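Written out below as structure tokens is the structure these notes cover.
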Amino acid sequence: MARIVGIDLGTTNSLIAYMDSGSPRVIAGRNGRTLVPSVVALTDNGLIVGDPAKEYLVRSPERTIYSVKRFMGKSLADVKEELRYFPYRLHEQGGVIRIQIGDKTYSPPQISAMILKELKLRAEAHLGEEIRKSVITVPAYFNDSQRQATKDAGMIAGLEVLRIINEPTAASLAYGLQKKTQGLIAVYDLGGGTFDISILKLKNGIFEVLATNGNTHLGGDDFDRRIADLFLKEIRAQHGFDVEPHADTMQVVRLEAEQAKIRLSEDQKTIAAIELPPGKGRFRYELTRDQLETLTMDLVEHTLGPCRIALKDAGVAPAAIDEVVLVGGSTRMPLVRRRVQELFGKAPHSDLNPDEVVALGAAVQADILSGGTQDMLLLDVTPLSLGIETMGGVMSSLIRRNTTIPASAKEMFTTYVDGQTSVDLHILQGERELAKDNRSLARFQLKVPPLPAGVPRVEVTFLIDANGILHVTAKDVRTGQTQSIEVKPSYGLSDEEVERMIGESFKFAAEDLKARQLIEARTEAEAILKATHKALGHGGRLIRPEEIAAISASLAALEAARATEDHRAIRAAIAEVEKTTHHLAEVLMDSTLKEALENKKVSELP
């Protein structure tokens with residue numbers, strides 16, 4: 001089978017990993033660095049990606065795009081609060097954000113695709129083969145449009161995205177936590193630009209996201225900024241020089257601030273040294289870990305609030321958490337590890353490189369898909385809605401497309417014909433309103449006792465397990481009789497067919513809705529005509545002749561309307577029948593009650 005790679009497409013940095021002799025491994029570039037900065041710059045010689053683009057950021061910010069992940073699957077209205085953070089120009093076209101650099105505009109998936117292409121080239125150079133298939137990670141809170149935008153980016157980059165998985169799930173996979181039978185896992189992810197906390201429930205190899213929270217504008221960059229601000233203040237005090245107007249020196253200050261933070265994760269103190277512009281001297285400053293912790297204590301505390309909210313949303317106490325996983329380079333800071341351990345009451349996992357843990361987990365998931373790792377259940381989403389055919393050839397959806405699986409849904413149905421002895425269940429897949437326009441998956445029958453129409457209660461349950469197998473069970477609530485079937489809902493469907501079916505659901509939406517409304521109105525009209533004729537047979541003698549005439553006229557009008565193509569006319573005629581039969585219904589109710597009471601009196605005689 002073709003090799004499948006795992007990709008962490010990050011806000012600040014991105015990585016690519018693969019399975020090497022049973023262990024996941026991140027691929028480094030020629031410079032030995034595993035991280036590819038998620039930055040794209042437009043130079044006079046064309047587009048550049050990664051480290052060269054990051055160096056271009058301060059020199060030409062208006063021609064450099066970073067943090068593009070924030071815009072994936074969003075409209076301009078969604079990100080208006082974030083625009084002040086970015087120097088580049090954004091506008092919208094067809095509901096999709098467009099980012100302008102130079103005289104060209106790009107969509108977020110196009111920019112992300114450039115980063116993915118860079119990762120793809122890195123993997124191909126290292127492995128000596130063409131890479132076409134991948135697993136890409138996304139934050140747990142990403143909605144369907146953001147996940148779809150990520151898949152689109154992969155497609156543009158020439159990658160078939162076999163699975164989009166949640167970053168906290170990937171981190172848990174990297175630590176092999178799926179091998180435990182069950183437990184609660186907290187994944188604390190402090191990245192370069194964002195902070196996320198996810199509470200996962202693991203049961204029988206299936207990860208379920210119980211709650212997620214975070215701060216989309218809090219990350220390692222904020223820690224660097226605090227140190228950089230301290231350096232700028234000290235440079236002014238020592239040298240009487242304001243660095244901020246000098247873009248190239250500002251970049252040097254920022255980079256030195258980042259390096260000082262990294263060194264203080266290992267050492268108690270470090271010396272920062274920065275060459276100032278000619279004639280301004282050389283800046284030297286000793287920074288201690290205690291100073292750093294004082295500078296950034298409030299930032300770390302800001303991450304603990306979302307942790308407490310996520311725990312509350314998940315309905316679990318900190319002590320109930322079995323495993324704590326750290327993700328993101330900033331979690332190397334001793335202060336962060338200390339405060340996380342104090343909150344959860346246990347030492348977090350820190351054996352793996354926190355920058356690489358998500359990519360390593362993606363590689364584990366890729367290995368599962370390629371058949372390398374056996375006996376593990378997978379999480380996925382349903383590509384198309386699943387449902388059953390109801391009266392009039394209409395599809396009633398039970399599980400909507402893009403529902404995360406495992407998933408289940410129940411709905412109650414009844415019979416339409418008096419004395420019906422079985423119920424036919426026709427299972428469908430698709431997005432159209434009518435059964436004939438959707439894909440038929442299976443059919444089976446459930447035996448029911450012969451009763452008046454509308455009396456039997458048939459409970460239909462759809463359950464999709466983590467392998468994507470659909471289990472359908474129909475149960476007669478009165479007798480307990482059940483019948484079930486298994487189908488593979490995605491079997492035989494290519495991505496192109498899924499896309500075609502979804503496209504058709506949009507293309508024919510108005511037409512389908514009109515057809516459904518007509519069928520439903522005609523079905524209801526038929527039921528009302530039957531019921532009213534039956535009621536007249538039982539209670540016609542109890543009402544005045546003029547009432548019978550009015551009911552007969554309204555029934556004739558409903559018969560005529562039912563033959564038309566206008567569902568509104570049918571609905572109006574139904575309303576008229578209900579109006580003219582109101583008194584008949586009351587009379588029949590009184591008569592039934594009186595009869596029941598008489599029977600009760602008779603049965604109570606000694």
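The figures here come from the full heavy-atom set of this structure, side chains too, leaving out hydrogens, waters and symmetry mates. If you're wondering where the values come from, they're calculated on a predicted model, not measured in any experiment.
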Where [X] and [Y] come nearest, the two heavy atoms and their spacing:
X: Ala272; Y: Glu256; result: CA-OE2, 3.4 Å
X: Lys151; Y: Ile164; result: CG-CG1, 3.6 Å
X: Ile197; Y: Ala186; result: CD1-CB, 4.4 Å
X: Ala171; Y: Val187; result: CB-CG1, 4.2 Å
X: Val68; Y: Pro108; result: CG2-CA, 3.7 Å
X: Ala53; Y: Val39; result: CB-O, 3.4 Å

Expected output: side-chain [X] to main-chain [Y] donor-acceptor under 3.5 Å:
X: Tyr175; Y: Leu352; result: yes
X: Arg254; Y: Arg225; result: no
X: Arg432; Y: Asp437; result: no
X: Asn166; Y: Pro168; result: no
X: Thr194; Y: Gly191; result: no
X: Ser38; Y: Gly10; result: yes
X: Asp196; Y: Gly214; result: no
X: Arg226; Y: Leu292; result: no
X: Arg63; Y: Leu42; result: yes
X: Glu431; Y: Ser385; result: yes

Side chain to side chain contact (heavy atoms under 4.5 Å, CB included) between Leu232 and Glu244: does it pass, once the steps are laid out?
CA-CA 8 Å; Leu232 293 174; Glu244 291 192 47; 4.1 Å; yes

Rounded to the nearest 0.5 Å, what's the gap from [atom1] on [X] to [atom2] on [Y]? Could you check?
X: Ile227; Y: Asp222; atom1: CD1; atom2: CG; answer: 11.5 Å
X: Ser112; Y: Ile136; atom1: OG; atom2: CD1; answer: 9.0 Å
X: Ile235; Y: Lys280; atom1: CD1; atom2: NZ; answer: 12.0 Å
X: Ile165; Y: Arg147; atom1: CD1; atom2: CZ; answer: 10.0 Å
X: Ile131; Y: Glu160; atom1: CD1; atom2: CD; answer: 13.0 Å
X: Ile16; Y: Leu119; atom1: CD1; atom2: CG; answer: 5.5 Å

Is atom CZ of Arg284 surrounded by more than 12 heavy atoms (other residues, nucleotides or ligands) closer than 6.0 Å?
no

Please assess Phe71 against Ile111 for the test side chain to side chain contact (heavy atoms under 4.5 Å, CB included), listing each intermediate value before the final yes or no.
CA-CA 10 Å; Phe71 306 131; Ile111 298 297; over 6 Å; no

So, applying side chain to side chain contact (heavy atoms under 4.5 Å, CB included) with [X], which one of [options] is it?
X: Glu167; options: Val357, Val327, Asp189; value: Asp189
X: Pro37; options: Asn13, Ile115, Val49; value: Asn13
X: Ile185; options: Val324, Ile199, Leu200, Leu210; value: Leu200

Would you mind reporting whether [Y] and [X] have side-chain heavy atoms less than 4.5 Å apart?
X: Ser370; Y: Lys133; result: no
X: Met19; Y: Val364; result: yes
X: Val161; Y: Thr150; result: no
X: Val138; Y: Gln146; result: no
X: Asp355; Y: Val26; result: no

Could you tell me whether Glu266 and Arg332 have a side-chain N and a carboxylate O separated by less than 4.0 Å?
no

Taking NZ, NE, NH1 and NH2 as the nitrogens, is one of them in Lys120 or Glu124 under 4.0 Å from a carboxylate oxygen of the other?
yes

Side chain to side chain contact (heavy atoms under 4.5 Å, CB included) evaluation trace for Gln238 with Tyr285
CA-CA 10 Å; Gln238 290 181 29; Tyr285 186 81; 4.1 Å; yes

Quick one: do Glu92 and Lys74 satisfy salt bridge (charged side-chain N to carboxylate O under 4.0 Å, His left out)? Show the steps, please.
CA-CA 10 Å; Glu92 196 174 296; Lys74 291 190 173 182; over 6 Å; no

Evaluate the criterion ring pair (Phe, Tyr, Trp, His ring centres under 6.0 Å) for residue pair His126 and Tyr18; output intermediate values, then yes/no.
CA-CA 11 Å; His126 179 82; Tyr18 72 109; 5.7 Å; yes

If the condition is salt bridge (Lys or Arg N to Asp or Glu O under 4.0 Å), which residues does Glu130 pass it with, not counting sequence neighbours?
Arg132

Taking the inter-plane angle between the rings of Phe241 and His246 on a 0 to 90° scale, is it parallel (under 30°), tilted (30 to 60°) or perpendicular (over 60°)?
tilted

Side-chain donor-acceptor pair under 3.5 Å between Thr303 and Tyr188, yes or no?
yes

Report the C-alpha distance between Leu47 and Ile101 in whole Å, list the side-chain angles of each, state the deciding distance to 0.1 Å, and finish with yes or no for side chain to side chain contact (heavy atoms under 4.5 Å, CB included).
CA-CA 10 Å; Leu47 288 159; Ile101 42 174; 4.1 Å; yes

Can you tell me which residue pairs pass the salt bridge (Lys or Arg N to Asp or Glu O under 4.0 Å) test with a partner in residues 22-41, sequence neighbours excluded?
Asp20-Arg25, Arg33-Asp51

